[in-house]
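Contents: one structure, followed by commentary.
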Amino acid sequence: MRKIDIFDTTLRDGEQSAGINLNTAEKMEIARQLERFGATVIEAGFPASSPGDFEAVQRIANTVKNSTVTGLARAMKSDIDTAWEALKGGQQPHLHVFLATSPIHMEYKLQKTPDQVVDIAVEAVKYARKFFPLVQWSAEDAFRSDPEFLVRIINQVIKAGATTINIPDTVGYATPQEYGALFKFLKENVTGINRVKLSTHCHNDLGMAVVNSIAAIENGADQVEGTINGIGERAGNAALEEIAVALHIRKDFYGVETGVNLQEIKRTSQLVSQLTGVVIQPNKAVVGKNAFAHESGIHQDGMLKNRETYEIITPELIGETTAPLALGKHSGRHAFKDRAITMGFELNDQQLNEAFAEFKKLADRKKEITEDDLFVLFTGKQIENSDASIYELTNVQVQYGTSNVPTATVAANVPSGENVVVATTGAGSVEAIFNALELLVKGHVNILDYRVTSIGKGRDALGEAVVNLRFNGETFTGRDISQDVLEASAKAYLNAINRKLVKDQTQVRVKEMVGQ
Ligand code: KIV
Ligand code: ZN
């Protein structure tokens, strides 16, 4: 069967979405999971864009073994040099270099003539091939480019040594028929197109990213690009889990295979959602929480008689198994360790001991510890210390009454090493806490978004708080999970502040490392 390579850009195009900021440990965790998911290529970031991206790409390239790791670069030597520094330790160094080819991008953004654009692209690919055995060249905004110009420039970049050619629908404007026809045209008209990999990369502005990607595959694409849960700028990218499952369920029709380990889909989706803070819509195909729920009586009756009456995908296919018995306060360390392993976590002894101690504390306050609770607990342990608790909440207390002014008192360890206590009021309990924390961090903080959700079901469910804020001119998202939503909110706020401070520290560290 024809093989379609999966190029995952969750950590680059996905991370570019508003409000997402992953630290290096979180990116590493996602990269390791993408490797298990079976991504052929993992785009780990854009090394020249920030020291944080550089560091994450370098660590991922040095760690991941079963997927090719790539990084993005503009068509300029300095970007390519930086990318090489980040990627050279990888198994098979791969670069993704791009340049816009549509009339509007060339004229207004690049302010270059088409001839100049061809020269820049060729120079960049030739230069990249001095270092990288694998070079993907992308024609940004390819779908809105002149197809004859695309043929001309692609002919030249293939001659210059590109090993993959990517044809993005950058603004999500294509229809499946048109996008498929463009692939057919390029297949028929570009010299040497069969010697390189041809790739599709779709955005979802008109809700057609998945179907456009499949149209490209039907018309000769060898590789499909996208993100987990379809996250990405604006309306997002093509959702890879949907493409993988559609091609699998309808292999009778499409006749292709992806090599994706379908059983890892649920876990990958859950991890990306948890670490990015991007909630999955309940009715989302394949991974939404209602994707396998049958509500109506007629459907339930049919399902009881024969599941295939209404079920074309089984939850088991994507690794969603019936939850095993919940653990409780009497569960022992052995059962706890076994569960961590079954759930795919690789915790060392110290992490396991710490996780077990937290589990016991939680089990004293919560009757049943569910799979969802364990997932957040184990994930948290695996990525711990990544945001080095520069500010660490030690106490939060709120006085609230329907006819009183809410007052919050917070205590926290601060960077100087002291424990500082601050109290102030607000229009509500959360505002009072946030006002007190603003006094503590001594900067100007704007809250852009704030959300509280429950993990799993029941009145004693854990609460997750996500705070998106602007601190000293930069936007960060913080998360925390706790049994009390006010405590989770205070910790999520400080988590966002700590991310900013860790980012500043990384900047200094990487600059020292590369000698700037
Ligand atoms: O959408 C796009 O054009 C991109 C390129 C950088 C490949 O993401
Ligand atoms: Zn894109």
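Order of appearance sets the numbers: ligands from 1, and atoms from 1 within every ligand.
When non-hydrogen atoms are compared, ligand 1 lies under 4.0 Å from the side chain of Arg12 (C-beta onward) but not from its backbone.
Close approach of ligand 1 to Thr170 (heavy-atom distance below 4.0 Å) involves ligand atoms 1 (O), 2 (C), 3 (O). Per-residue contacts place Ser138 under 4.0 angstrom from the following atoms of ligand 1 (heavy atoms of the residue considered): 7 (C). Near His96, meaning under 4.0 Å from any of its heavy atoms, are these atoms of ligand 1: 7 (C). Of all atoms in ligand 1, numbered sequentially from 1 with element shown, those under 4.0 Å from a heavy atom of Glu140 are 3 (O).
With salt bridges taken as basic N to acidic carboxylate O contacts below 4.0 Å, one links Lys88 and Glu85. By the 4.0 Å N-to-carboxylate-O rule, Arg74 lies too far from Glu140 to be salt-bridged with it. A salt bridge between Arg451 and Asp449 is absent, with no side-chain N of the basic residue lying under 4.0 Å from a carboxylate O of the acidic one. Here Lys27 pairs with Asp53 in a salt bridge; the nearest charged N to carboxylate O distance falls below 4.0 Å.
Polar contact with ligand 1: present for His201 (N/O pair, distance under 3.5 Å). Looking at ligand 1, you'll find an N or O of Asp13 within less than 3.5 Å of one of its N or O atoms. Ligand 1 has a nitrogen or oxygen under 3.5 angstrom from a nitrogen or oxygen of His203.
By the side-chain hydrogen bond (donor to acceptor under 3.5 Å, both in side chains) test, Lys126 is found to be paired with no residue, residues two or more places apart in sequence or in another chain being considered. Under the side chain to side chain contact (heavy atoms under 4.5 Å, CB included) criterion, Asn66 pairs with Glu35, not counting sequence neighbours. The side-chain hydrogen bond (donor to acceptor under 3.5 Å, both in side chains) test applied to Thr453 returns no partner, not counting sequence neighbours.
Aromatic ring orientation, Tyr450 versus Phe434: perpendicular (interplanar angle above 60°, classes split at 30° and 60°).
Neighbours of the Zn ion (ligand 2) restricted to protein N, O or S atoms under 2.8 Å: the count is 3.
For the residue pair Ser17/Glu233, the side-chain donor-acceptor check at 3.5 Å is not satisfied. In summary, the side chains of Ser138 and His96 do present a donor paired with an acceptor at a separation below 3.5 Å, with no hydrogens or angles considered.
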